[in-house]
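No hydrogens, no waters, no symmetry mates; every other heavy atom, side chains included, goes into these values.
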Amino acid sequence: PPLIRYRPAPGAGVAGAAAPSSRGVEDTDLAVILLRVLPVQLGGTGSSRDDPPEAQGMEIISHSLAAPPSTDALSMICRAALSLFLAVSLTACAGRRVPLPAPSLIAEPDPANIESVVFLVGDAGEANRETHPILTRLQQDVEYWSERVPGDSSVMVLYLGDIVYPLGVNPIGTPDFPGDSAIVHDQTRVVAGPNALAGGARGYFLAGNHDWGLEDEYEGFVRLASLSQLLANIEAETGAYVRLAPEAGSGGPMVVDLGRHLRILMLDTAWWVLDGGQLGAEDYDDVLGGIRDALTESGEREVIVAAHHPFRSAGTHGGQVPFWKTLGVRYLLTRSGAMLQDLTSLPYRELENGLRSIFSTVKAPLIFAGGHEHNLQIFETTGPSDPQYSIVSGSASKLSPLGSAQPGMQFGSSTPGYMRVLVERGGGVTIAVESAPEQYLKCQGTEEQIATCVGEGIAAFQTIHSQRLK
């Protein structure tokens, strides 16, 4: 029998398969990876859309070692072990971790001089108002700026993917739908306060890989369609402006102009990584062509490109993986491009190369904002094909560590939070990081203890870093 089993298509059975789980490649049994994944990747080919699933780093649902390894398999293990030994030797000489840059603060601009406000919030898929202080604090922030910034629709919230963990929104009528719906409702309430409604604040929900249900093609599209329909129902019930962006099954870009100085391009990078082009609505050249046109036609407006996958990262998905994590297996898989959701995977590198070509020949966006990593990061450009600033804001409901500081890194923190971009009437742009200590990511305990913790957590959020981008 196969050593690794994958989720069957609806209605199809897999004889003898173990009970499903949501574990990905990085959490899989070491022996399974050594037997079936590492031997493929050590050839240096990386993963691509045409490779078999196990070579693409697709989600592994269950595995079995019912049959003893063959002689060939043992040979593969030996080769993998040798590679691990060599990597250990190289890592021993790699030097010490480079500290993250110290945060800094600038004076907050006068609200009377602000034309528009954009909030960047990522990976909120486990957050609810009863246990996660961030949602109430974010709503307070949205209410504050909606009241003070004149003009209709001057405040915008961008949810940067992974809206619902672990597998997106299940179809209406299924047992998991009520829980999924509650998570989405709590996020939409951020733009449903009285000031937000009066000022026409907008909430855009960008899809992440989990919103696709970690599935490609049509099965992933069904999950996104469920999310889109749920948002439409909530908008009809509450009057809050909440939309999936871009629409289900599209890679984007969805283009929105905000005020006189800003254009926002919203992409579905999970569509690219999970082979959404096979749905037939558009192909990869269409997406890149749309980005090129939107940048070309932006004129003097500054541009924010928003997506789930970030452009740069000093976290796990950016390749900053300690060698000793999972005995070096995660390190080797990341370096080889086997981890489909990492920035080193071949599908993502295809997207990155296309973006770099456009940025270097047409116009580099002021900001490329993503989530995916469960932390907060700001990078300044280090080359002509980079965005002017690369942002990671993905710690709304989960936290993950940061590695060493990377070239151009301005800020990094593994704490719960979000970011706020202020566009001034004269065209200036600033960014602020709002965060609280780690213990306020999620409150636990008795009902009374949770209520106390949430109240303290809301008050604990503050600006821990701010800087001028323009």
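With sequence neighbours left out, the salt bridge (Lys or Arg N to Asp or Glu O under 4.0 Å) criterion links R202 to no other residue. Taking Y204 as the reference, Y241 meet the ring pair (Phe, Tyr, Trp, His ring centres under 6.0 Å) condition, with sequence neighbours excluded. When the side-chain contact (heavy atoms from CB on, under 4.5 Å) test is applied to A436, the partners found at least two apart in sequence or on another chain are Y440, A460, F461. Residues passing the side-chain contact (heavy atoms from CB on, under 4.5 Å) test with S228 are L244, sequence neighbours excluded. Residues meeting the salt bridge (Lys or Arg N to Asp or Glu O under 4.0 Å) test with R263, sequence neighbours left out: D257. Residues that satisfy the salt bridge (Lys or Arg N to Asp or Glu O under 4.0 Å) test with E108, not counting sequence neighbours, are R420.
Side-chain contact check for T415 and E438: no donor-acceptor pair (N or O, by modelled atom type) lies under 3.5 Å. A side-chain donor-acceptor contact under 3.5 Å links R129 and Q139. Checking N170 against D180 by side-chain atom types alone, a donor-acceptor pair falls below 3.5 Å. A donor-acceptor pair shorter than 3.5 Å can be found between the side chains of N209 and H308. Between the side chains of H465 and Q467, a donor-acceptor pair is found at a separation under 3.5 Å.
Put simply, the side chain of D211 gets close to the backbone of G208: a donor and an acceptor are under 3.5 Å apart. Without hydrogens or angle criteria, S146 side chain to V142 main chain gives a donor-acceptor distance under 3.5 Å. Formation of a donor-acceptor pair under 3.5 Å by the S397 side chain with backbone atoms of D123 is found in this model. Using a distance-only test at 3.5 Å, with no hydrogens or angles considered, no donor-acceptor pair links the side chain of S385 to the main chain of S360. Side-chain N or O atoms of Q462 include none that pairs as donor or acceptor with a backbone N or O of E434 at under 3.5 Å.
A salt bridge links R243 with E235; the closest basic N to acidic carboxylate O contact falls under 4.0 Å. Using a 4.0 Å cut-off between charged side-chain N and carboxylate O, R223 and E219 make no salt bridge. A salt bridge links D386 with R356: the distance from a Lys NZ or Arg NE/NH1/NH2 to an Asp or Glu carboxylate oxygen falls below 4.0 Å.
Side-chain rings of W272 and Y284 approach one another, their centers coming within less than 6.0 Å.
The number of heavy atoms from other shown groups lying within 6.0 Å of CD (Q439) is above 12.
Relative to the six-membered ring of Y389, K470 misses at least one condition, a distance below 6.0 Å or an angle of at most 45° to the axis.
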